[in-house]
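Following: one structure in structure tokens, then a few remarks.
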Amino acid sequence: MALPPSGTTDEAFLREVDEEYRRERLLSIWRNYGRWIIGAVIAALIALAGFLYWQHHQESAAGKAGEQYDAALRLAEQGQLDKAATEFAKLADRNDGFGALSRIAQGNLLLQKSDAKGAVAKFAAVAGDQSVDKPFRDLALVRQTVAEFDTLKPQVVIDRLKPLTDPNSPWLGTAGELVAAAYLKAGDRKAAGQMFGQIAQGGEKVPQSVRARAVQLAGVLGVDAIDQSKETKAQ
């Protein structure tokens, strides 16, 4: 460190001594640790380059996975179910949205092949996988319930899907219709009518065709459900 100023000391001389001392220390450190410092800098640059490459690879892989998923969907739409299943299987192990969607698509293909049991197992696996984002889990749960609706007790359907019928839920239309159907199956016309009424009031979160159907069914069940959606107001 620089020596403290003194009234009897030449400050310029002390600054020169201090700077020389600092240079000597830097030279000593460089002679003893220069290689280590250079190595550490190079290692840091390599690590940064590795991270940037990994980040680019992840983005490229996601883009490639999207292309593979779209190609598999086209195969399914063309009726080439076996080829589509093979392509979805290549993506099913991914720990991201494409992986979850591919596993759900595998279930859809099994349904098309009349393998309801296998389809339900696929959907249930995704719905119960906490590592999967909630929107995909909810989608899988709805698909699972559709696939096994006829074999479930009404209360099971109601308990399973009622959380998805919240007015702010994007699943209000689909899950709500299933819950309303379960109420009807259980003989509870009042609760079914109320659920259809809630769907009718769902606004833009529910497709217009679903809202219109809900208004009619609610009316049949004695509930005056007026669709307040913008589309209806415009008509």
Side-chain angles (χ1 to χ4, degrees), residues 42-149 160-161 163-166 168-178 199 202-211 213 229-231:
I42 292 174
L45 291 174
I46 292 174
L48 176 60
F51 171 76
L52 293 175
Y53 172 78
W54 175 84
Q55 191 176 47
H56 172 72
H57 176 73
Q58 290 293 99
E59 293 174 353
S60 299
K64 183 178 180 181
E67 294 174 359
Q68 291 176 319
Y69 181 78
D70 288 340
L73 282 180
R74 287 194 294 272
L75 289 172
E77 291 169 355
Q78 295 166 5
Q80 301 182 57
L81 303 188
D82 291 336
K83 289 184 179 180
T86 298
E87 294 305 310
F88 283 128
K90 295 177 182 178
L91 297 169
D93 291 334
R94 290 180 60 89
N95 189 28
D96 59 8
F98 287 117
L101 287 173
S102 295
R103 290 155 66 189
I104 293 172
Q106 287 178 315
N108 292 334
L109 292 179
L110 290 172
L111 276 181
Q112 289 183 257
K113 294 181 178 181
S114 300
D115 184 359
K117 185 177 180 180
V120 167
K122 286 288 185 182
F123 297 141
V126 177
D129 187 348
Q130 295 301 312
S131 68
V132 174
D133 289 341
K134 192 175 186 300
F136 301 116
R137 285 188 280 122
D138 289 344
L139 171 60
L141 186 63
V142 171
R143 295 296 294 130
Q144 176 190 350
T145 306
V146 170
E148 59 182 353
F149 183 85
R160 179 187 291 179
L161 296 183
L164 300 184
T165 64
D166 180 273
N168 295 317
S169 170
W171 301 104
L172 172 58
T174 305
E177 285 195 316
L178 289 169
I199 296 170
E204 296 180 354
K205 291 183 290 297
V206 179
Q208 193 276 335
S209 60
V210 176
R211 294 196 304 272
R213 182 166 62 245
S229 69
K230 293 180 181 179
E231 292 87 349

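Numbers for residues simply follow the sequence, beginning at 1.
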Minimum heavy-atom distance between [X] and [Y], given as atom pair plus value:
X      : Y      : result
Gly203 : Arg211 : O-NH1, 2.6 Å
Ala76  : Leu81  : O-CD2, 4.0 Å
Ser102 : Phe88  : CB-O, 3.6 Å
Ala84  : Ala72  : CB-O, 3.6 Å

message = What I'd like to find out is whether the side chain of Lys83 reaches to under 4.5 Å of the side chain of Gln78, using heavy atoms alone.
response = no
Any side-chain donor near an acceptor of the partner, Arg160 and Thr145, under 3.5 Å = yes
remark   = Residues pairing under salt bridge (Lys or Arg N to Asp or Glu O under 4.0 Å) where one sits in residues 124-137, two or more places apart or in two chains, turn out to be Arg103-Asp129, Lys134-Asp138
task = Return yes when atom CG of Asp70 has more than 12 non-hydrogen atoms of other residues, nucleotides or ligands closer than 6.0 Å, and no otherwise.
result = yes
query = Above 12 or not: heavy atoms from other molecules or residues under 6.0 Å from CG of Asn95?
reply = no
note = So CD1 of Ile199 and NZ of Lys205: to nearest 0.5 Å the spacing works out to 13.0 Å
ask   = Who are the salt bridge (Lys or Arg N to Asp or Glu O under 4.0 Å) partners of Arg143, not counting sequence neighbours?
value = none
query = For Lys90, which residues count as a salt bridge (Lys or Arg N to Asp or Glu O under 4.0 Å) partner, sequence neighbours excluded?
reply = Glu87
key: Listed partners of Arg74 passing side-chain hydrogen bond (donor to acceptor under 3.5 Å, both in side chains), at least two apart   = none
task = Determine, step by step, whether Leu91 and Leu101 satisfy the side chain to side chain contact (heavy atoms under 4.5 Å, CB included) criterion, reporting the C-alpha distance in whole Å, the side-chain angles of both residues, the deciding distance to 0.1 Å, and the verdict.
result = CA-CA 9 Å; Leu91 297 169; Leu101 287 173; over 6 Å; no
Scan the side chains in residues 111-126 for donor-acceptor partners under 3.5 Å anywhere in the protein, sequence neighbours excluded, and list what turns up.
residue: Lys113; atom: NZ; partner: Asp82; partner atom: OD1; Å: 2.8
residue: Asp115; atom: OD1; partner: Gly118; partner atom: N; Å: 2.9
residue: Lys122; atom: NZ; partner: Gln106; partner atom: OE1; Å: 3.3

Only distances under 3.5 Å count here; give the side-chain donor-acceptor pairs of residues 169-176 to other protein atoms, sequence neighbours excluded, each with its distance to 0.1 Å.
residue: Ser169; atom: OG; partner: Leu164; partner atom: O; Å: 2.7
residue: Ser169; atom: OG; partner: Trp171; partner atom: N; Å: 3.0

